Number of protein chains: 2
Amino acid sequence: MDETDCKLLNLIQHDAALSLDELSERAGLSRNACWRRIKRLEDEGIIKGRVTLLDASRINVGLTAFIALRTTEHSASWLERFSNAVRDIPEIIGVYRMTGDVDYLLQAVIPDVAAYDRLYQRLIGRITLADVSSSFVMQEIKSTTVLPLDYAPERRG
Amino acid sequence: MDETDCKLLNLIQHDAALSLDELSERAGLSRNACWRRIKRLEDEGIIKGRVTLLDASRINVGLTAFIALRTTEHSASWLERFSNAVRDIPEIIGVYRMTGDVDYLLQAVIPDVAAYDRLYQRLIGRITLADVSSSFVMQEIKSTTVLPLDYAPERRG
DNA sequence: AGTGAAAGATTATCGGA
DNA sequence: TCCGATAATCTTTCACT
């Protein structure tokens with residue numbers, strides 16, 4: 001992965017709707033060279049896909065909650081049930097198993113605190129949790145899907 | 001926003017590369033009705049944009065850290081400086097001002113713990129922080145850009 | 001809301017450096 | 001092996017009915 005690949009990736013990370021013409025011009029490439037690079041990056045799996053981002057408040061999920069969970073059970077079967085439960089709940093957009101004193105960190109989007117409470121009830125109805133601690137986002141200072149390319153490996157075979 | 005809009009939004013949330021033909025077929029619409037709906041959703045700002053998602057581990061940022069911050073200063077000018085600092089750091093992909101005992105929650109992606117430490121040093125070099133507490137993601141159980149449409153308002157004028 | 005045509009974009013193949 | 005050009009196909013966009 002060279003500098004031109006990085007340039008292309010950065011452009012399409014910000015805007016997946018850029019045409020090949022725009023991309024190739026901004027990257028200083030011919031249309032075809034550009035197309036082949038992007039195709040290669042897709043085939044290699046570096047590009048995972050293109051998605052459409054929606055305005056959360058316009059679809060009435062303007063409140064974001066972070067939920068820190070602790071569990072008493074640390075078995076594989078518990079994790080399996082937990083994973084299935086959270087994957088089935090569309091309000092939950094992120095679930096991470098963590099180092100440290102918190103076992104799991106969840107991110108959820110909901111309309112308001114009342115909806116959060118219903119989500120909470122649904123969650124503890126499906127799985128046993130030792131401790132649940134929630135905080136709400138008052139202000140979103142930064143939130144991006146753009147990843148830094150500064151660490152990308154020089155080449156690959 | 002009716003049921004067909006939701007269907008369309010859900011399709012394009014998952015895959016922004018779907019063609020109008022595919023979309024209109026799956027939504028049970030003519031090509032043009034489909035195109036007009038999507039255009040309207042864009043113009044109304046419900047669709048924020050299309051982005052390309054990259055595989056974090058392939059670009060060498062396979063480690064995610066959540067960083068809980070507390071500050072002694074609670075002034076507008078501090079927040080301003082803090083916001084500028086975090087926006088300038090590409091490893092930091094999310095920054096949220098929170099309710100509760102933690103003032104700010106940050107999400108960052110880095111190659112490894114050593115890189116995290118350099119990021120940490122950079123951060124505390126630019127701004128004064130009372131307390132910093134970091135946890136690392138051991139396992140990503142769910143992480144999606146897809147928002148739930150269950151709460152979307154029925155109509156809008 | 002649907003048709004169809006013009007404009008534009010994507011993809012594949014081919015020839016050359 | 002990589003790059004550029006050309007051509008065929010598919011998509012998007014929009015005016016008109």
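Letters go in sequence order (proteins before strands), and every chain restarts at 1. Predicted model only: the values in this text are computed from it and were never measured.
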Q: Step by step, work out the salt bridge (Lys or Arg N to Asp or Glu O under 4.0 Å) result for A:E3 and A:K7.
A: CA-CA 6 Å; A:E3 214 185 308; A:K7 207 182 276 184; 5.4 Å; no
Per-nt protein contacts along nucleotides 6-17 of chain D (heavy atom under 4.0 Å; B base, S backbone sugar-phosphate only, - none) come out as B----SBBBB--
Does B:V95 offer a backbone N or O that forms a donor-acceptor pair with the side chain of A:K142 under 3.5 Å?
no
Q) Does D:dC3 have OP1 or OP2 sitting under 4.0 Å from an N or O in the side chain of A:S30? A) no
Worksheet item: According to the interplanar angle, ranging from 0 to 90°, do the rings of B:F66 and A:F66 count as parallel (below 30°), tilted (30 to 60°) or perpendicular (above 60°)?
Response: perpendicular
| message | Please confirm whether the ring centroid of A:Y116 lies under 6.0 Å from the ring centroid of A:F136. | response | yes
Taking atom CD as the centre, does B:E22 end up with more than 12 heavy-atom neighbours from other residues, nucleotides or ligands that are less than 6.0 angstrom away? yes
Taken to the nearest whole Å, CZ/A:R40 to C1'/C:dT11 is 17 Å
Taken to the nearest whole Å, CG/A:L23 to C1'/C:dT10 is 12 Å
